[in-house]
2 protein chains.
Amino acid sequence: MASRTIENYLKQIYLSRPADETQWLTMGKLSMAVGVTPGTATSMVRAISDAHLVEYEPRAGVRLTPAGEQLALHVLRRHRLIELLLVKVLGLDWSEVHAEAEELEHVVSDRLLARIDEILHHPAFDPHGDPIPTAGGVVRRQDCCTVLDCPLDSPTRIARILDQSAEFLQYVNVCGLLPGAEISVASRNHQAQTVEVMVIKSGEKQALTLSFAVAEKFFVQTT
Amino acid sequence: MASRTIENYLKQIYLSRPADETQWLTMGKLSMAVGVTPGTATSMVRAISDAHLVEYEPRAGVRLTPAGEQLALHVLRRHRLIELLLVKVLGLDWSEVHAEAEELEHVVSDRLLARIDEILHHPAFDPHGDPIPTAGGVVRRQDCCTVLDCPLDSPTRIARILDQSAEFLQYVNVCGLLPGAEISVASRNHQAQTVEVMVIKSGEKQALTLSFAVAEKFFVQTT
DNA sequence: AAAACAATTTTGGGCAAGCAAAGTTAATTG
DNA sequence: CAATTAACTTTGCTTGCCCAAAATTGTTTT
């Protein structure tokens with residue numbers, strides 16, 4: 001059994017892994033993600049490497065082995081199913097469930113997780129639109145673009161939001177930019193680095209301006 | 001914040017405390033309850049005593065301070081509310097929820113606990129009939145007797161079962177001796193140390209024989 | 001009262017994780 | 001190319017929690 005600490009390292013290695021599969025995740029980024037000093041990350045990764053859950057190349061970085069990836073996906077499955085349960089069944093606000101799930105993900109049993117999955121009818125996405133890996137460890141891909149690179153003036157639906165901080169999600173809430181919301185991108189200003197978005201908020205169309213940095217966090221699907 | 005370990009010690013000190021309030025809980029019993037060696041219990045209790053959560057008298061034993069008792073009751077409240085949630089909302093079998101709650105009790109936030117309490121409509125008892133302390137740390141007492149000392153031949157209702165082991169509870173399940181079940185005690189045999197109990201099981205009255213030791217685990221309330 | 005016993009405490013040591021700070025490498029810049 | 005810098009690793013130390021075994025204490029028993 002992997003300790004809570006190891007589960008966290010594996011999860012962060014998975015989430016922070018570079019887009020290019022051949023690349024290694026640097027220790028600096030990992031230590032930031034886990035929230036420990038670089039030295040701690042190095043020695044911990046050495047230990048996890050001894051358990052064959054990651055490959056570790058000194059001065060290059062770290063990368064999950066297939067076994068490590070399966071474990072990471074299992075943790076992620078727990079995390080995301082719990083988030084959805086907290087929102088749908090327990091009625092918590094989606095801005096607060098991330099922190100809660102960070103703790104719960106390490107203690108729910110397989111049996112309880114199976115019940116949660118059943119009650120939610122085997123959902124594919126969590127409240128933020130993040131995909132829930134299957135029990136077999138498969139991630140169902142949803143290929144879609146962000147508010148930064150989707151076509152202009154076409155109706156789309158928000159599918160996923162890449163930010164878990166409670167404050168940001170509360171802002172998203174009041175703007176009506178939740179997953180499922182119908183929006184269209186009216187214009188982009190490359191000089192000001194802003195995007196103008198039209199949202200239907202309580203029946204009325206509203207205009208909203210977002211920076212490129214924030215626009216990039218919203219994934220949309222053309223409807 | 002008390003660590004998970006300290007929470008467990010406090011909970012066990014509360015649950016194992018001797019009936020007589022003036023008595024101390026011996027270190028031997030505590031170490032058994034927590035599942036550590038006596039030496040470990042001694043040093044841990046020393047530490048908890050430094051935090052003024054217990055009084056510790058070498059060679060006599062240990063006893064909760066008011067602050068320690070409040071913390072213990074808070075853990076117990078979490079444990080029992082979680083058990084009830086797992087049975088009522090998540091549909092787990094009541095024989096398996098104890099083990100699950102042992103883990104969860106240390107990680108649910110106050111906010112989540114409040115939601116659980118609300119969803120269950122502020123319940124007073126968990127699936128085993130154990131009282132759920134209030135948020136203010138008050139235990140509502142239900143004064144009732146056991147199958148060992150209740151009057152003969154009068155209809156009663158099972159109110160509480162003092163055993164959390166999954167195997168025992170599964171046996172209780174098949175006998176129909178669950179909390180809420182209507183039973184009456186037909187006779188007691190002090191020589192054989194057995195009690196004969198009548199249960200209404202799937203519409204039919206059935207006789208059941210229990211040992212004194214087991215009978216003592218069932219609390220009943222006259223209806 | 002002395003001896004034996006049971007319960008408890010002390011001692012010494014281990015493992016998992018963490019930090020701070022000193023020491024290495026590798027990359028960047030002058 | 002040498003010097004500086006940034007990233008990384010190593011080293012030494014701390015804390016929390018645990019165990020095994022030796023030492024102590026209080027209580028029985030002889």
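As the structure is a prediction and not an experimental result, all values here were calculated from the model. Computed from heavy atoms alone, side chains included, the values below leave out hydrogens, waters and symmetry copies. Order of the sequence lines fixes the chain letters, A, B, ..., with proteins taken first and strands second; residue numbering starts at 1 for each chain.
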Discussion item. Whether B:R188 and B:E196 form a salt bridge (side-chain N of Lys/Arg under 4.0 Å from carboxylate O of Asp/Glu) is what I want to check.
Written reply: no
Worksheet item: Should B:E102 and B:K11 count as an ion pair when the cut-off is N to O under 4.0 Å?
Response: yes
Worksheet entry | Identified side chain to side chain donor-acceptor pair (under 3.5 Å) partner of A:R77 from the options A:D126, A:T134, A:D117 | A:D117
Item to complete: Apply the side chain to side chain donor-acceptor pair (under 3.5 Å) test between A:E105 and each candidate in A:H79, A:R78, A:H74, A:R4; give the one that qualifies.
Response: A:H79
Worksheet item: Is the phosphate of D:dT9, meaning OP1 or OP2, less than 4.0 Å from a side-chain N or O of A:Y56?
Response: yes
Using whole Å, report how far [atom1] of [X] lies from [atom2] of [N].
X	N	atom1	atom2	answer
A:E57	D:dT9	CD	C1'	14 Å
B:M27	C:dT9	CE	P	5 Å
A:M32	D:dC8	CE	C1'	15 Å
B:R46	C:dT8	CZ	C1'	11 Å

Item to complete: Go through the side-chain N and O atoms of A:E216 and A:T146 and say whether any donor and acceptor fall under 3.5 Å apart.
Response: no
Practice prompt. Between protein and nucleotides 14-29 of chain D, map the contacts as a letter string: B base, S sugar-phosphate only, - none, heavy atoms under 4.0 Å, written 5' to 3'.
Written response: ---SSBS---BB----
Worksheet item: Relative to each other, are the rings of B:H98 and B:H128 parallel, tilted or perpendicular (30° and 60° limits)?
Response: perpendicular
